[in-house]
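Each residue takes its place number in the sequence, starting with 1. Read the numbers this way: they start at 1 and go in the same order the structure lists the ligands and their atoms.
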Amino acid sequence: MTAAAPPAPIVRFAPSPTGYLHVGNARIALANFLFARRHGGRFLLRLDDTDAARGRPEYAEAITHDLRWLGLAWDDSFRQSARLDRYAAAAERLKQSGRLYPCFESEDELRAKREQRVRQGRPPVYDRAMLRLTAAQRAAAEANGKRPYWRFLLSGGTEGWDDLVLGRRQVKLPSVSDPVLIRADGSPLYTFTSVVDDIETGITHVIRGEDHVTNTAIQRDIFAALGADAAAIGFAHLPLLTDSDGGKLSKRLDSLSLRSLRADGMEAQAITAYLARLGTSADPEPLELPALAATFDLGGFSHAPARFDARQLLALNRRVLHAAPFAAVADRLPAGAGEAFWHAVRGNLDLLNEARGWWEVAAGTVVPPVIEGEGGFLRAARDLLPAEPWDADTWRLWTDALKAATGRKGRALFLPLRLALTGEEHGPELRDLLPLIGRARAAQRLEIAAA
Ligand code: GLU
């Protein structure tokens with residue numbers, strides 16, 4: 001008999017719509033996506049939108065837009081706000097089993113208790129005073145207009161698991177406060193809703209950031225309290241990102257949102273290629289998603305925080321652009337820019353937005369500087385411009401003629417021409433640009449630079 005194949009994985013990316021996605025979130029989404037693709041599994045998008053005070057519909061929309069832009073297509077999606085009845089039913093079960101207990105302390109009371117414990121040199125863990133509340137006391141509180149919020153009674157002992165990224169992890173539950181799972185207004189919190197959903201959608205692997213390690217211990221306890229087998233789920237926590245000096249990335253997250261990177265002209269492919277290997281020993285390569293999925297391995301991530309280096313991302317972007325076919329960028333180029341233009345300039349771009357400047361050179365009005373002392377040479381160059389039509393040979397024919405007429409060569413020959421024709425000292429091959437610029441513009445620019 002052959003052993004049954006393991007079931008195809010089901011994973012989820014579960015953003016809270018409280019802000020725009022940044023590179024840190026995108027890395028988690030990507031890890032889930034690549035893991036699912038690598039193992040022939042399913043990738044779900046779950047919007048954790050039960051926090052009415054902080055969540056906003058426009059963020060939810062922006063998140064789905066960003067994920068689509070990255071190419072991270074999900075197999076199914078849902079919102080937690082549509083499943084409130086499921087959370088209420090699960091909460092009822094925990095109340096019945098005595099694992100969810102009502103609490104009435106205010107924020108101020110809790111703070112005072114925490115401060116007192118700290119003064120006494122004890123860990124600031126919730127003291128479970130409300131567990132001892134009698135039915136009469138509860139009735140009195142409710143008669144006073146107070147509505148309870150609900151805490152989960154954590155079991156004692158240590159929760160441990162073999163993390164698929166970090167290795168063996170253990171959290172001592174007595175060092176953690178019983179978490180609030182239901183607010184006084186009846187709305188459920190993420191800690192709880194996530195477990196209910198993970199159970200009911202058959203999640204096999206939870207892949208998320210290292211900031212969730214303590215949550216994992218708590219949530220494994222909730223899994224068990226709901227009768228599910230947390231041991232059957234794989235947990236993987238990716239170490240957080242730092243900036244290139246090892247400091248916190250959080251200060252820069254606004255500029256590292258996907259929407260602002262997109263506005264800067266960064267390619268989705270560069271972002272996914274960079275993030276897929278960030279924190280592993282593999283070098284980033286400008287690969288597309290299927291190729292990234294083929295080699296994706298959670299075991300390849302380091303346990304140490306990963307340094308996000310914007311220069312490396314830009315270097316990868318350059319490589320993606322240099323290899324990009326015209327079709328991949330056509331609808332983002334200036335109107336009229338065709339394939340010949342793209343092939344002429346793509347090797348000179350860090351960001352696609354820079355193509356705009358070269359389009360001005362090729363087809364717009366660029367006013368070159370007057371190049372001191374070069375008037376005679378530039379006028380000779382203008383007079384020797386060949387007749388149209390122009391092609392990839394025109395540059396060579398023209399400069400050969402100029403060389404013969406003026407005796408110049410090398411930099412002395414080429415630099416004034418480049419400066420006059422483009423207004424820049426560096427740029428794409430003039431052999432490719434010249435036919436795009438055309439005779440009329442070339443003649444005019446040579447004259448201006450000669451004046
Ligand atoms: N909404 C949670 C967050 O954004 C999801 C964490 C998880 O993957 O369970 O942090």
For this session: Compute whether any side-chain donor of one residue and acceptor of the other, for Thr216 and Arg208, lie under 3.5 angstrom apart.
Result: yes

Problem set entry | Distance filter under 4.0 Å to Ser194 heavy atoms, resulting ligand 1 atoms | 9 (O)

For this session: Specify whether Phe35 and His39 have parallel, tilted or perpendicular ring planes, treating 30° as the upper limit for parallel and 60° as the lower limit for perpendicular.
Result: tilted

Exercise. Identify the closest protein heavy atom to atom 5 (C) of ligand 1: which residue and atom is it, and at what distance?
Worked result: Ala14 O, 3.1 Å

For this session: For the pair Phe223 and Phe235, name the ring-plane relationship: parallel under 30°, tilted 30 to 60°, perpendicular over 60°.
Result: perpendicular

For this session: Using distance alone, decide if ligand 1 has a nitrogen or oxygen within less than 3.5 Å of any nitrogen or oxygen in Val206.
Result: no

For this session: Please report which non-hydrogen protein atom sits nearest to atom 6 (C) of ligand 1, along with the residue it belongs to and the distance in Å to one decimal place.
Result: Tyr190 OH, 3.2 Å

Seminar exercise, completed: among protein heavy atoms, the one nearest atom 8 (O) of ligand 1 is Arg12 NH1, 2.7 Å

Seminar exercise, completed: Here the atoms of ligand 1 under 4.0 Å from any heavy atom belonging to Arg208 are 7 (C), 8 (O), 9 (O)

Problem set entry | Closest protein heavy atom to atom 10 (O) of ligand 1, given as residue, atom name and distance to 0.1 Å | His212 NE2, 2.9 Å

Exercise. Is there a donor-acceptor pair under 3.5 Å between the side chain of Arg38 and the backbone N or O of Phe296?
Worked result: yes

For this session: Could you list the atoms of ligand 1 found under 4.0 angstrom from a heavy atom of Asp48?
Result: 1 (N), 2 (C), 5 (C)

Problem set entry | Heavy-atom donor-acceptor pair, Asn144 side chain to Lys146 backbone, under 3.5 Å | no

For this session: Say whether, by atom type as modelled, one donor and one acceptor occur between the side chain of Tyr149 and the main chain of Asp185 under 3.5 angstrom.
Result: no

